[in-house]
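A quick write-up on the structure given underneath.
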Amino acid sequence: MNIAVIGVGYVGLVSGACFAKIGHNVICVDNDKSKISKLSQGIIPIFEPGLSEIVSDAIEEKKISFTDNLKSALDICDVVFIAVGTPQDEDGSADLSFVLQVAKSIAENSASPKLIITKSTVPAGTGKMISDLVLRTNPKIKFSIASNPEFLREGCAIDDFMNPDRIVAGISDEKSKEIFEEIYKKFPAEKLIFTDVITAELIKYASNSFLATKISFINEMADLCETVGGNIKDLSKSMGLDSRIGNKFLNPGPGFGGSCFPKDIMAIINVAKKNNVNLSLISSVIDSNKNRKIKMVQKISDILGGKIEGKKIALLGLAFKANTDDIRYSPAISIAQTLLEKGAVIFATDEEAIENAKLELKAFDNISFFTDFYEATKDADLILIVTEWGAYSQMDLDKVKKVTNCRKILDLRNILDAKKVVNNGFEYHFIGGKTGSN
Ligand code: UGA
């Protein structure tokens, strides 16, 4: 099948590459000429494990191409995925201007019927807006509108695409159903869940909101454990063994970040407000997550004797989670900003996100960056782990002891083995349990 994917951001590029991998002919369209030219040479603008190889293979096999010419793509494709960004507007709602602009251009440049599918995360009712818009713009052509939200996680997006829990298809006619079955014929048929367009749009927001709620729940349980003397690791494990709860997304940490959860929660609340529906539970998740970062800074201050000014902190991790260079809404960045404003001196490191963080934190001169995380610990008063990179969980404690005199570790991801750390002579602070020391 010939598929056009509009927008070569994270979602568009991963989806386009994976559609090519499962045998479709894919044309990726974007108006950013320099991005298109780089992609045509196999140069990938984002860090995503495995993506570069898939794109290179697909280019070689002529299964994928990149263009800035929408019309040329529409001339040979009957299925068009819209995968452009839906940034957060000032009032928290999703800004649909890119999506609607693209829909209008599709209508203007189409000479034959098309199935237009939104992959971008769009609020309930967007499908109807697109449907009205394309009909107004080009009444001569029959357009079908569908929603196919993506559930990919950064860092494991290829695996998520290839092994989906479900593929949600919001459709408005029988012909669209057949097209979806053709697009996803390489996947077990029972994975395809058909529904109407508006429900598909809601499923995406509901899923992200639920996962964010689960994280905030376990973070609050971690607070309770710390105060009353429980242990979050055992609590989380035992809760997760209940198949009704499940063990995923029950890891406490510095709060959720990334380009999706914070933005999508705001957007669903906005949709609800506009429709006079009170989502009080989801609203409280926003507060809980905001407070989380304040709490983390308080924890750091307590460990450092109540004073942050002048303290030297080795900050291990800047990305919002491991296996990505993405720092959008990263708790590490927000914690770093507060610490820097309070006068701390930060020695920061990350496995992939240093360049992005340098730009974000360029206003501060009390931060320096290290590619070797051991080097970052050299003059520190506190070693602070904020992102759960594998390299940090496997750190060589003997080497740390040789490099630095610092013997205090605060592990905001609970990735170190408490016993091992303490037996090595460190004071070990973590989330949701008693500090360990010899
Ligand atoms: C999330 C969803 O998981 C995807 O299904 C969805 O497709 C995507 O948003 C999107 O809407 O595009 P992503 O933002 O890549 O994916 O990252 P997650 O792995 O979900 O993590 C989000 C945040 O929650 C991170 O800051 C992470 O560190 C945090 N988290 C996650 C925890 O603090 N604890 C956990 O147990 C799990």
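From a predicted model like this one, the values you see are computed outputs, not experimental measurements. Each ligand, and each atom within it, is numbered from 1 in the order the structure gives.
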Exercise for review: Before accepting this row, confirm whether a basic side-chain N of the pair Glu150/Lys204 lies closer than 4.0 Å to the acidic partner's carboxylate O.
Suggested key: yes
Practice item. Inspect the contact between Arg292 and Asp223 and indicate whether a charged nitrogen and a carboxylate oxygen are less than 4.0 angstrom apart. Key: yes
Review point. Is any side-chain N of the basic residue among Asp381 and Lys311 closer than 4.0 Å to the acidic one's carboxylate O?
Key: no
Identify all N/O pairs between ligand 1 and the protein with a separation under 3.5 Å and present them as a table of atom names and distances.
from     : atom 1 : to     : atom 2 : distance (Å)
ligand 1 : 5 (O)  : Phe151 : O      : 2.8
ligand 1 : 7 (O)  : Glu150 : O      : 3.4
ligand 1 : 7 (O)  : Glu150 : OE1    : 3.4
ligand 1 : 7 (O)  : Phe151 : O      : 3.3
ligand 1 : 7 (O)  : Leu152 : N      : 3.0
ligand 1 : 7 (O)  : Leu152 : O      : 2.7
ligand 1 : 7 (O)  : Lys204 : NZ     : 3.1
ligand 1 : 11 (O) : Lys204 : NZ     : 2.6
ligand 1 : 11 (O) : Asn208 : ND2    : 2.8
ligand 1 : 12 (O) : Glu150 : OE2    : 2.9
ligand 1 : 15 (O) : Glu154 : N      : 2.7
ligand 1 : 15 (O) : Lys321 : NZ     : 3.2
ligand 1 : 17 (O) : Lys321 : NZ     : 3.1
ligand 1 : 19 (O) : Lys321 : NZ     : 2.8
ligand 1 : 26 (O) : Gly257 : N      : 2.9
ligand 1 : 26 (O) : Phe320 : O      : 3.1
ligand 1 : 28 (O) : Arg413 : NH1    : 2.8
ligand 1 : 28 (O) : Arg413 : NH2    : 3.3
ligand 1 : 34 (N) : Asn251 : O      : 2.8
ligand 1 : 36 (O) : Leu250 : N      : 3.4
ligand 1 : 36 (O) : Asn251 : N      : 2.9
ligand 1 : 36 (O) : Asn251 : O      : 3.4

Practice item. Report yes or no: is the cationic atom of Lys191 (NZ for Lys, CZ for Arg) closer than 6.0 Å to the six-membered ring centre of Tyr184, at no more than 45° off its axis? Key: no
Exercise for review: Please confirm whether Lys399 makes a cation-pi placement over Tyr374, using NZ or CZ under 6.0 Å from the six-membered ring centre and within 45° of the ring normal.
Suggested key: yes
Check your understanding: Side chains of Ser147 and Thr118: does their closest heavy-atom pair fall under 4.5 Å?
Key -> yes
